[in-house]
Amino acid sequence: MDLISQKKLLMEVGSGTPMNACLKRFWLPIALSTDVAENDGDPMRVRTLGQDYVLFRDSEGRLGLLDELCTHRSASLCLGRNEEGGLRCLYHGWKYAVDGTILDTPNVRDPRFKERVRQPAYAVREAGGIVWGYFGPQDKEPPFQHYPFFDLPDENVVVELLVCSANYTRLVEGLIDTTHTGSLHQDALRQLAAGEGPAPSFGGKSRVASAGVLAQDLAPDIEVQETDFGLRYAAISQHPQPDGTVRRRARVTGFKHPTSILIQSGHLAQLVLPVDDDRSYLFMVFWDPTRNIRDGEARQEIRTYYGIDDIAKDFYGAGREFHDLPDRPNTSNNWRQDREAMRNDSFTGLYRFIPEDFAVSASMGPVGRFPTEHLVPSDLAIARFRRQMIDNAQRVQKGEDPRGLAPKEQPRPAQYDIPEGEDWRDHYTRTD
């Protein structure tokens, strides 16, 4: 398979593509629980892998996930009335339960008709403040995955949803890419080192210490270990000490199929949803088992530090309600880059962290633009991610299960000094 064919297989997620069939075999994050918080609340359109669905919560609090277009004459059920135990299409009044069963067909007299026809419906679950959907074959539904934040009270978890006009691979690879942080995000890291601005902590561990490692070594050694959930990799940086010795520091990150990254702070999961070929959602989940971070200063500190606050969502277009407004970041306005700030004290001229990531991801262009790349040793984890994703799509094409459906092991990010004479993998097994 030539390089262009590999890229197409990896990046194209629309109906009928190999990657579409592969990704549908996994549980995917599709919305926030707060999007459908109320019984009989407004139905919501959810776009996933290039197809539109309708998500709603019925009178008893059960979630329903159906094809958006009514099975009768294809009117949008997102226009429907959600009441009295089901979602009613406005066009002819057909009413559907959360499992797609037809409850009422006012323009059909035959009472047996409702037993012969159903609205396509999909498995849906709610956990960790996120609504999850499964769109694959019913007889191949995998076990529901588990993340550490599922076990915590609501007040110990913060979930933010951001939108980026870029292919899912652009986001996942950026999250996997350790070495870009010290360059692209150096404005925020410099402020952090100087004690300026927010410095969130999770589980009693400050973000300051881990961020400092990223700024000190822009070319760490990358070593990858493949696992049943995907892969973990260590970015190993070298830090000369005054006594002439060299301290080796390992920053271990986990990639979990199909599109989740758990970073070394141990309390941050980043979940990417391929909305279509050139749009992705990023679910950022923070948790702290020791304190309330959902409210007040703790939450705002997190949102400001990572660049996912109201400024980022509105002015920099990372919020769903603002993203498509004509003056938000795009090619024509160079993603709202501030060149005057760059002539003074800013390296990027962009807002910190996530808006920077989204700008460079979107700048790579739409699917179909496949420029020549020159991968280097620091891109090893990205190369392995691509290989695993392509292999999974090919497995599904052959009628096999993709890897990572029911892993026995779970990602466990870490950051630690490697004792003299030890391999990072050996020491990793003994870290908390």
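When reading the values below, keep in mind they use all heavy atoms of this one structure, side chains included, and skip hydrogens, waters and symmetry mates.
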**Message:** How close do Pro407 and Leu405 get, counting heavy atoms only, and between which atoms?
**Reply:** CD-C, 3.6 Å
**Asked** Closest approach of Ala121 and Leu66, non-hydrogen atoms and distance?
**Response** CB-CD2, 3.4 Å
**Request:** State whether the number of non-hydrogen atoms from other residues, nucleotides or ligands found under 6.0 Å of Gln241 atom CD is greater than 12.
**Result:** yes
**Message:** Tell me if a side-chain donor or acceptor on Asn167 pairs with a main-chain N or O of Arg279 at a distance below 3.5 Å.
**Reply:** no
**Request:** Show the numbers, then the answer: is there a side chain to side chain contact (heavy atoms under 4.5 Å, CB included) between Glu60 and Asn39?
**Result:** CA-CA 7 Å; Glu60 297 182 22; Asn39 295 1; 5.9 Å; no
**Message:** What I'd like to find out is whether the side chain of Tyr281 reaches to under 4.5 Å of the side chain of Ile30, using heavy atoms alone.
**Reply:** no
**Request:** Please tell me if the side chains of Arg328 and Arg336 come closer than 4.5 Å, counting only heavy atoms from C-beta onward.
**Result:** yes
**Request:** Could you tell me whether Glu160 and Arg299 make a salt bridge, using a distance below 4.0 angstrom between a side-chain N and a carboxylate O?
**Result:** yes
**Item:** Glu38 atom CD: more than 12 heavy-atom contacts under 6.0 Å
**Value:** no
**Under 3.5 Å: donor-acceptor pair, side chain of Ser378, backbone of Ala219** = no
**Student check: side-chain heavy atoms of Ile130 and Leu271 closer than 4.5 Å** = yes
**Request:** Determine the sole option in Val360, Leu189, Thr179, Asp177 for which the side-chain contact (heavy atoms from CB on, under 4.5 Å) test with Leu184 is passed.
**Result:** Val360
**Request:** State the CZ-CG distance between Arg320 and Leu162, to the nearest 0.5 angstrom.
**Result:** 9.5 Å
**Request:** Write out all pairs satisfying salt bridge (charged side-chain N to carboxylate O under 4.0 Å, His left out) with one or both partners inside residues 385-402, taking only residues at least two apart or from two chains.
**Result:** Arg25-Asp401, Glu173-Arg386, Glu226-Arg387, Glu373-Arg386, Asp391-Arg395
**Message:** Under a 3.5 Å cutoff, is there a donor and acceptor pairing between the side chains of Gln337 and Arg339?
**Reply:** yes
**Asked** So which heavy atom on Gly128 is nearest to which on Val157, and how close?
**Response** O-CG1, 4.5 Å
**Neighbour count above 12 (heavy atom, 6.0 Å) for Arg403 CZ** = yes
**Fill in**
With sequence neighbours left out, the residues meeting ring-ring contact (aromatic ring centres under 6.0 Å, His included) with Tyr233 are none
**Request:** Please identify each residue that fulfils salt bridge (charged side-chain N to carboxylate O under 4.0 Å, His left out) with Asp154, with sequence neighbours left out.
**Result:** none
**Prompt:** Which atoms form the tightest heavy-atom contact between Asn156 and Asn292, and what is the distance?
**Reply:** ND2-N, 4.4 Å
**Request:** Just jot down the ring-ring contact (aromatic ring centres under 6.0 Å, His included) partners of Phe149, sequence neighbours excluded, or say none.
**Result:** Tyr147, Trp287
**Item:** Separation of Gln238 CD from Asp221 CG (nearest 0.5 Å)
**Value:** 5.5 Å
**Item:** Euclidean distance, Gln119 CD relative to Asp99 CG, rounded to 0.5 Å
**Value:** 11.5 Å
**Item:** For Phe283, ring-ring contact (aromatic ring centres under 6.0 Å, His included) partners two or more places apart
**Value:** none
**Prompt:** Which residue pairs pass the salt bridge (charged side-chain N to carboxylate O under 4.0 Å, His left out) test with at least one member in residues 341-352, sequence neighbours excluded?
**Reply:** Glu340-Arg343
**Item:** side chain to side chain contact (heavy atoms under 4.5 Å, CB included) assessment of Ser260 paired with Phe229
**Value:** CA-CA 10 Å; Ser260 299; Phe229 59 76; over 6 Å; no
**Asked** Hey, mind stepping through Val131 and Val46 against side chain to side chain contact (heavy atoms under 4.5 Å, CB included) and telling me if it holds?
**Response** CA-CA 11 Å; Val131 178; Val46 174; over 6 Å; no
**Salt-bridge present (Asp288, Arg291; N to O < 4.0 Å)** = yes
**Request:** State which residues pass ring-ring contact (aromatic ring centres under 6.0 Å, His included) with Phe26; sequence neighbours excluded, sorted by chain then number.
**Result:** none
**Fill in**
Nearest heavy-atom contact between Ala31 and Leu55 is CB-CD2, 3.9 Å
**Prompt:** Tell me, do Ile236 and Trp424 make a side-chain contact under 4.5 Å, heavy atoms counted?
**Reply:** yes
**Side-chain touch Leu273/Thr259, heavy atoms, less than 4.5 angstrom** = no
**Prompt:** Between SG of Cys78 and CG of Asp42, what distance do you get to the nearest 0.5 Å?
**Reply:** 10.5 Å
**Message:** To the nearest 0.5 Å, what is the distance between NE2 on His323 and CG on Asn330?
**Reply:** 9.0 Å
**Prompt:** Quick one: side chain to side chain contact (heavy atoms under 4.5 Å, CB included) partners of Gln394, sequence neighbours excluded?
**Reply:** Met1, Leu9, Ile390, Gln397
**Request:** Sort and list the pairs that fulfil ring pair (Phe, Tyr, Trp, His ring centres under 6.0 Å) and have at least one residue in residues 374-398, not counting sequence neighbours.
**Result:** Phe255-Phe385
**Complete:** Residue pairs meeting side chain to side chain donor-acceptor pair (under 3.5 Å), one or both in residues 354-368, sequence neighbours left out, come to His180-Asp357, His185-Glu356, His185-Asp357, Thr348-Glu356
**Asked** Hey, does the side chain of Asp314 reach the backbone of Phe322 with a donor-acceptor pair shorter than 3.5 angstrom?
**Response** no
**Request:** May I ask you to check whether Phe286 and Tyr306 place their ring centers less than 6.0 Å from one another?
**Result:** yes
**Asked** Should Val275 and Val163 count as side-chain neighbours, where that means a heavy-atom distance under 4.5 Å?
**Response** no
**Request:** Work out which heavy atom in Thr253 is nearest to a heavy atom in Leu262; give both atom names and the distance.
**Result:** CG2-O, 3.4 Å
**Asked** To the nearest 0.5 Å, what is the distance between CG (Asn20) and NZ (Lys24)?
**Response** 4.0 Å
Validation: residues 139-146 side-chain donor-acceptor distances under 3.5 Å, sequence neighbours left out:
unit_1 : atom_1 : unit_2 : atom_2 : d
His146 : NE2    : Asp151 : OD1    : 3.0
His146 : NE2    : Asp151 : OD2    : 3.2

**Item:** Residue that, paired with Tyr122, satisfies ring-ring contact (aromatic ring centres under 6.0 Å, His included) out of Tyr53, Trp132, Tyr134
**Value:** Tyr53
**Message:** Salt bridge check, Asp310 against Lys313: does any charged N sit closer than 4.0 Å to a carboxylate O?
**Reply:** no
**Item:** Those residues that, when tested against Asn333, pass side-chain hydrogen bond (donor to acceptor under 3.5 Å, both in side chains) (two or more places apart)
**Value:** none
**Request:** Using a strict cut-off of less than 4.0 Å between a Lys/Arg side-chain nitrogen and an Asp/Glu carboxylate oxygen, indicate whether Lys408 and Asp228 qualify as a salt bridge.
**Result:** no
**Request:** Give the intermediate values and the outcome of ring-ring contact (aromatic ring centres under 6.0 Å, His included) for residues Phe315 and Tyr351.
**Result:** CA-CA 10 Å; Phe315 187 84; Tyr351 201 52; 8.8 Å; no
**Request:** Check whether any side-chain heavy atom of Pro355 lies under 4.5 Å from a side-chain heavy atom of Trp335, and answer yes or no.
**Result:** no
**Item:** Within-4.5 Å side-chain heavy-atom neighbours: Val159 and Leu161
**Value:** no
